Every structure is written in C-alpha cells, then in structure tokens.
Amino acid sequence: MEKITFNINPLGKPRMVRSDSWNKRPAVQRYWEFKDRINIQANLLGYKVTAELCLEFIIPMSDSWTDKKKALMIGKPHQQTPDIDNLVKAFLDALCEQDNFVYYISAKKTWGNSGKIIVYKDNCNTFAE
C-alpha cells in the first residue's frame, strides 16, 4: 500500500475567536506554524489532497513515560485529546482552501515514538499494518 508520511507532530485545530487576529495566543501561534510546516512538506512530497482521504495520526508518547509503558502503548489507540475531528480539520485546513470535494474520510490516531501523519493512497477502506 502506497503511503505518504509527514514527519510532524499532529496538532488539532484550536477554537479560534475574533481577538486571535491581534491577541496572539500560543495555541493559535502553534497552529499557524503547524499549517506552514505541513504545506512545506506537502510541496516537497508533491502531495495534493484527494476526494478520498485515509489518515493515520501518530501521537508521540511522553518522554516521562517508562520504557516499559512505551513498549506497551506503541501502536495502541490514542483515546485522549486532541480529538480526531480536530486533527482531520487541521490537516485539511492546512492543505485546502476549500475541502468540499472530499467525500470520504477514514482516520485513526495511535501512540508512537515520534509524531507523524500518514496518508494512505491506495485502499482507503482499510489501514495498512
């Protein structure tokens, strides 16, 4: 299965308010930096969003975790914030001015040693192992 890997820590889209245009909150600043980095990587990889999207968000484990806990959790479902819908929204907003052409999205988030976003290009109905 062909895939494209973005080597970047996944970030969910924050709730934004009007004052964010002049009050530069850290969460919003991180989000704008994330969008810039995703765009740069997409351009380098030659990636364009397609109408069917199959995503895997790999969330990095905390450095404070023991090696035993890390070994136990790698590849397991990530069931905390950020929410998966916010991760997908941030990804789409970074790469699409209008994302209304996307009609199918399959996404999951798991624990990993480093943060990544993987886009599966072929069979979008199932994830690769």
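Every value quoted in this text rests on a predicted model; they were computed, and no experiment measured them.
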Below 4.5 Å, heavy atoms only, C-beta onward: do [X] and [Y] meet side chain to side chain?
X: Y103; Y: E52; answer: yes
X: L11; Y: P82; answer: no
X: Y120; Y: S106; answer: no
X: W111; Y: K69; answer: no

Distance from [X] atom [atom1] to [Y] atom [atom2], nearest 0.5 Å?
X: K108; Y: I58; atom1: NZ; atom2: CD1; answer: 8.5 Å
X: Y104; Y: T50; atom1: OH; atom2: OG1; answer: 12.0 Å
X: H78; Y: F57; atom1: NE2; atom2: CZ; answer: 12.0 Å
X: L72; Y: T66; atom1: CG; atom2: OG1; answer: 9.0 Å
X: I8; Y: E33; atom1: CD1; atom2: CD; answer: 10.0 Å
X: I38; Y: L95; atom1: CD1; atom2: CG; answer: 6.0 Å

**Prompt:** Under 3.5 Å, side chain of Q41 to main-chain N/O of N7, donor-acceptor pair present?
**Reply:** yes

**Request:** Output yes when a side-chain donor or acceptor of N39 lies under 3.5 Å from a complementary backbone atom of A94, and no otherwise.
**Result:**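 At least one qualifying donor-acceptor pair exists.
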
**Asked** What residue among I117, V88, L55, L87 forms side-chain contact (heavy atoms from CB on, under 4.5 Å) with K109?
**Response** L87

**Message:** For F91, give me all partners under ring pair (Phe, Tyr, Trp, His ring centres under 6.0 Å), at least two apart in sequence or on another chain.
**Reply:** F6

Specify the closest pair of heavy atoms between [X] and [Y], including all atoms of both residues, with the distance to one decimal.
X: C96; Y: F101; answer: SG-CZ, 4.1 Å
X: L45; Y: T5; answer: CD1-O, 3.7 Å
X: A90; Y: G12; answer: CB-C, 4.1 Å

**Asked** With clusters built from Ile, Leu, Val, Met, Phe, Trp and Tyr whose side-chain heavy atoms come within less than 4.5 Å, directly or transitively, what are the remaining members of the cluster of L44, listed by chain and number?
**Response**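 Via sub-4.5 Å side-chain contacts, L44 links to I40.
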
**Asked** How about K70: does its NZ atom have over 12 heavy atoms from other parts shown lying under 6.0 Å from it?
**Response** yes

**Message:** For D63, is the CG atom crowded, meaning more than 12 foreign heavy atoms sit under 6.0 Å from it?
**Reply:**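 Atom CG in D63 is not packed in, count stays at 12 or less.
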
**Prompt:** Looking at residues at least two apart in the chain, or sitting in another chain, which of them share a salt bridge (charged side-chain N to carboxylate O under 4.0 Å, His left out) with K89?
**Reply:** D93

**Stepwise side chain to side chain contact (heavy atoms under 4.5 Å, CB included) test for V49 and D99** = CA-CA 9 Å; V49 175; D99 58 12; over 6 Å; no

